[in-house]
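Report on one structure; see the data block that follows.
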Amino acid sequence: MLVIPERPRRNRRTEAIRRMVRETSLTPAHLVAPLFVVDGHNERQPIPSMPGYERLSVDLLVEECHQLAALGVGGVALFPALPEYKKDKTASEAVNPDGLFPRAVSAVKERVPALTIFTDVALDPYSCDGHDGLVSEAGEILNDETVEVLARMSVLHARAGADYVAPSDMMDGRVGAIREALDVEGFPNVGIMAYSAKYASAFYGPFRDALDSAPKFGDKQTYQMDPANIREALREVRLDLAEGADMVMVKPALAYLDVIRAIWEFSDVPIAAYQVSGEYAMVRAAAERGWIDGDRVMLEILLAIRRAGADVIFTYFAKAAASQLG
Ligand code: PBG
């Protein structure tokens, strides 16, 4: 008779056993839904490269947030989509206290307080250049000048009701400057979720369609990270933590699971991962063609991101996944 000393299959025999020994959990509380807000009323604008996803006016945004909260989704990451005429060289709309964005943040905070609000801090939605920082005459992305604007912008978001400001710009020194500005202005409890390891990625394509924010010249390689690097990610995390970050992010997610794990081993703060627009679009496109089971692939990827070490997942699947997870 065949003697097999270990039989791992015993622990997979029934659903009750499998549930009992499952190492990783995925719940709606782990998920953050990115949402795009536009001016207007009852306005719903489909985004062709992100099937099933829309830009929403503030009234519909609040409605969507109610639904997400009812499903137990942990939070929302808000992004403004501005018309071209509101964009300029200095990204002035980014610090307009009466602008669309602070209005949207206040509305969500007031009407759906159960949701944790993350606000995006970067200049690309507001800049006619489509870059995350201010651009010099010579076409250079200006670091320190940009950091000043980001700090003012963060205070504006905090005042409107942000729980975490989320700098996604990759300028050097921005976390420290933002922390100081928040503290000085009386917002010691508003957190910073730093996009620490944000890679110069081709997976952001559909998002740039959503905000019409593709760079007008060049690319983002002088500030976003080289996809080839992982030790540099640890350096960025070390600096952001020293400057006062409360959470750090890896972005994109699926192609960078090793980076998530390395940061998990290296640090002791919560880690967020951003499953970006291109990752969403690939799953949706293959599912539409009937080539994969979209719902199952969605949950499998989200679980894998959690298994790698992410506490929080920013995902366009937040609503769909939360509905499935029940
Ligand atoms: C820009 C920003 C980007 C995303 C979030 N914030 C795009 C970029 O860096 O060009 C991408 C998100 C996505 O692709 O889903 N500050």
Side-chain angles (χ1 to χ4, degrees), residues 31-37 47-55 75-82 87 91 93-94 101 118-135 141 143 146-147 149-150 153-154 157 162 164-171 174-175 178 192-227 236 248-256 272-285 298 301-302 305 312-319:
L31 306 178
V32 172
L35 295 172
F36 305 116
V37 59
I47 305 159
S49 50
M50 298 180 71
Y53 229 78
E54 296 160 324
R55 306 183 196 94
V76 289
L78 302 178
F79 297 90
L82 301 179
K87 305 183 183 183
E93 187 63 18
F101 194 64
F118 296 83
T119 58
D120 193 64
V121 177
L123 303 186
D124 51 323
Y126 309 93
S127 154
C128 58
D129 293 311
H131 277 285
D132 293 22
L134 298 170
V135 181
I141 311 301
N143 192 90
T146 299
V147 168
V149 182
L150 299 175
M153 203 177 157
S154 298
H157 294 182
Y164 290 86
V165 294
S168 67
D169 55 288
M170 291 300 279
M171 297 300 120
R174 89 276 209 219
V175 172
I178 290 171
I192 301 176
M193 206 291 309
Y195 284 69
S196 299
K198 176 172 179 178
Y199 288 89
S201 170
F203 285 104
Y204 305 150
F207 174 97
R208 294 176 187 174
D209 292 343
L211 298 193
D212 202 7
S213 65
K216 296 293 184 320
F217 67 89
D219 54 40
K220 299 192 175 184
Q221 291 186 81
T222 68
Y223 46 108
Q224 298 180 349
M225 279 182 50
D226 185 334
E236 288 284 2
V248 293
M249 177 184 269
V250 176
K251 177 183 178 185
L254 187 56
Y256 297 85
Y274 200 143
Q275 181 186 46
V276 300
S277 55
E279 299 179 75
Y280 171 83
M282 287 195 303
V283 174
R284 289 299 306 248
M298 162 184 81
I301 295 174
L302 293 173
I305 296 168
V312 184
I313 307 175
F314 284 45
T315 173
Y316 301 99
F317 285 123
K319 193 178 188 184

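Counting starts at 1 for both ligands and their atoms, following the listed order. Position 1 is the first residue of the sequence; numbering continues from there.
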Legend entry - Lys NZ or Arg CZ of Lys198 over Tyr195 ring: under 6.0 Å, within 45°: yes
Legend entry - Within-shell test, Glu279 vs ligand 1, heavy atom, strictly < 4.0 Å: no
Inset, instruction - Return the residue, atom name and 0.1 Å-rounded distance of the protein heavy atom closest to atom 14 (O) of ligand 1. - result: Ser277 OG, 2.7 Å
Legend entry - Heavy-atom nearest neighbour in the protein, as seen from atom 8 (C) of ligand 1, with distance rounded to 0.1 Å: Lys220 NZ, 3.3 Å
Legend entry - Residue portion contacting ligand 1 (non-hydrogen atoms closer than 4.0 Å) for Ala122: side chain
Inset, instruction - Measure the shortest side-chain to side-chain distance between Tyr316 and Met50 over non-hydrogen atoms and say whether it is less than 4.5 angstrom. - result: yes
Inset, instruction - Report the part of Tyr195 (side chain from C-beta onward, or backbone N, CA, C, O) that has a heavy atom under 4.0 Å from ligand 1; answer both or neither where that applies. - result: neither
Inset, instruction - Do me a favour and list the nearest non-hydrogen protein atom to atom 3 (C) of ligand 1 with residue, atom name and distance? - result: Phe207 CE2, 3.3 Å
Legend entry - ligand 1-proximal atoms of Asp120, by part, heavy-atom distance under 4.0 Å: side chain
Legend entry - Mode of Tyr280 contact toward ligand 1 - side chain, backbone, both, neither (heavy atoms, under 4.0 Å): neither
Legend entry - The one among Lys251, His131, Met50 that brings a heavy atom closest to atom 5 (C) of ligand 1: Lys251
Inset, instruction - Could you tell me whether Tyr164 atom OH has more than 12 heavy atoms of other residues or ligands within 6.0 Å of it? - result: no
Inset, instruction - Taking the six-membered ring for Trp and the full ring for Phe, Tyr or His, determine whether the centres of Phe314 and Phe118 are under 6.0 Å apart. - result: yes
Inset, instruction - Considering heavy atoms of the protein only, find what lies nearest to atom 16 (N) of ligand 1 and give residue, atom and distance to 0.1 Å. - result: Ser168 OG, 2.8 Å
Inset, instruction - Just need the protein heavy atom nearest to atom 2 (C) of ligand 1, so name the residue and atom and give the distance. - result: Lys198 NZ, 3.2 Å
Inset, instruction - Examine Lys319 relative to Tyr53 and say whether NZ or CZ is less than 6.0 Å from the centre of the six-membered ring and inside a 45° cone about the ring axis. - result: no
Legend entry - Nearest non-hydrogen protein atom, atom 1 (C) of ligand 1: Asp124 OD2, 2.8 Å
